[in-house]
Protein chains: 2
Amino acid sequence: MEQTEPSDARHHRRTGNEIKAALRDLRIQLALLNHQVGGKLALKDVDLDCLDVLARSGPLTPSALARQAGLHPATLTGILDRLEKAGWIARDRARADRRSVTIRVLPDRGMEVFRLYQPMIGAMDDVLAEYNEAELALIADFLRRSTEAGERANGELAQE
Amino acid sequence: MEQTEPSDARHHRRTGNEIKAALRDLRIQLALLNHQVGGKLALKDVDLDCLDVLARSGPLTPSALARQAGLHPATLTGILDRLEKAGWIARDRARADRRSVTIRVLPDRGMEVFRLYQPMIGAMDDVLAEYNEAELALIADFLRRSTEAGERANGELAQE
DNA sequence: TCATATAGTACGGGAATCATAATATATGGA
DNA sequence: TCCATATATTATGATTCCCGTACTATATGA
């Protein structure tokens, strides 16, 4: 057993741990942000999460959304009822398979959401202004890889 | 009004938008990860969030935690009851002010949590291995600044 | 000493989640 | 074609959760 390791490897590991801790803090902060935004829109956290997934991953069926969000299908019925009643989404019955429903985000209330996220968007623009193009590309790539790491980890946990 | 802008500014803005989108995706992925981990520990999402804050920000009183987590004080009583019954935390009555209570995370079940996060930790280690020390430092700094941006945005929203 | 403020919690109403069952539609073989 | 089985979603009911209000205990300051 080595009692020491090269100094650069030690630094690498330590900075890596700092990054993982920073990611934890960032997650908490973003969760809190969503909680506040959701509160002002009279939406549960999970409702806003679903809306977010729908807005990013395009129209989805309830089953697909339930899988992506880790929720019971019956739970989604309740969530979708709320979102539909408040005018956030529409349920379209598919032509091909008339059992299936497609959830579509309505554009109407998009501006409300944007306005509430504006403080964060502005703060991020301030942060991003300090980096040059190469650095931004590095960061963007890191974030994408981290998301993929999250997907892999979720896949492994879903197994057991 | 300019109809065009310098090419590098355009790139900068576009990469910036990619970063903000990537941050959204990452947040969703991390939320899902926590949801799965929480499920395996029989903890609600919000319970795990509180535990996470407590583990990071050290012992806290219920009021301080409620503020940090954006929850009603009475809601926290229920959360703390669950966490206490399951052996995650202890409530200590303070000596100075005997009204106040300090919540402390018990170390006993820490290994369980670590094991469940292991897939993500491992996946992140793989990602981090591809960067040199200077790049890691850049990323760590960006994450800290983004967290601060989130704190500022939360502060602004809390105003209204 | 006493009025007021603060920390935490008990209680109750209304809502959310999820397991189960029900409905409607699709698919494939006899 | 007819029917058994599978699939997508939703209705129902039991349990649990969240939060507004009120209560207890303690602290603070006039």
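Computed from a predicted structure; not experimentally measured. Letters A, B, ... mirror the listed sequences (proteins, then strands); counts begin at 1.
Computed from coordinates, the A/Asp45 CG to C/dA15 P distance equals 18 Å when rounded to whole Å. Atom CD1 of B/Ile79 and atom P of D/dC19 are 8 Å apart (whole Å). We find that NZ of A/Lys44 is positioned 9 Å from C1' of D/dC19, with the value rounded to whole Å. At whole-Å resolution of the value, CG in A/Leu76 and P in D/dA11 are 14 Å apart. At whole-Å resolution of the value, CG in A/Leu65 and C1' in D/dA8 are 14 Å apart. With rounding to whole Å, A/Leu80 atom CG is found 11 Å from D/dT10 atom C1'.
For residues 131-142 of chain B, the side-chain hydrogen bond (donor to acceptor under 3.5 Å, both in side chains) pairs, not counting sequence neighbours, are A/Thr15-B/Glu133, B/Asp141-B/Arg145. For the side-chain hydrogen bond (donor to acceptor under 3.5 Å, both in side chains) condition, no pair includes a residue of residues 67-76 of chain A, sequence neighbours left out.
A salt bridge does not link A/Arg115 with A/Glu112: none of the charged nitrogens is closer than 4.0 Å to a carboxylate oxygen. Here A/Arg27 pairs with B/Asp49 in a salt bridge; the nearest charged N to carboxylate O distance falls below 4.0 Å. Using a cutoff of 4.0 Å between basic side-chain nitrogens and carboxylate oxygens, B/Arg91 and B/Asp81 are scored as salt-bridged.
Here A/Arg152 pairs with nothing under the salt bridge (charged side-chain N to carboxylate O under 4.0 Å, His left out) rule; sequence neighbours left out.
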Between protein and nucleotides 18-21 of chain C, what N or O pairs are separated by less than 3.5 Å?
{"unit_1": "C/dC18", "atom_1": "OP2", "unit_2": "A/Thr75", "atom_2": "OG1", "d": "2.4"}
{"unit_1": "C/dA19", "atom_1": "OP2", "unit_2": "A/His72", "atom_2": "NE2", "d": "2.9"}

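Shown here is A/Arg14, whose CZ atom has no more than 12 heavy atoms of other residues, nucleotides or ligands within 6.0 Å. Heavy-atom contacts from other residues, nucleotides or ligands closer than 6.0 Å to NZ of A/Lys20 number more than 12. Other residues, nucleotides and ligands contribute over 12 non-hydrogen atoms within 6.0 Å of the CZ atom of B/Arg56. Within a 6.0 Å sphere centred on CZ of A/Arg109, other residues, nucleotides and ligands contribute more than 12 heavy atoms.
A heavy atom lying under 4.0 Å from DNA chain D marks the following residues of residues 83-102 of chain B, by number: B/Ala96, B/Asp97, B/Arg98, B/Arg99. Within residues 47-54 of chain B, no residue has any heavy atom under 4.0 Å from DNA chain D.
Without hydrogens or angle criteria, A/His35 side chain to A/Asp45 main chain gives no donor-acceptor distance under 3.5 Å.
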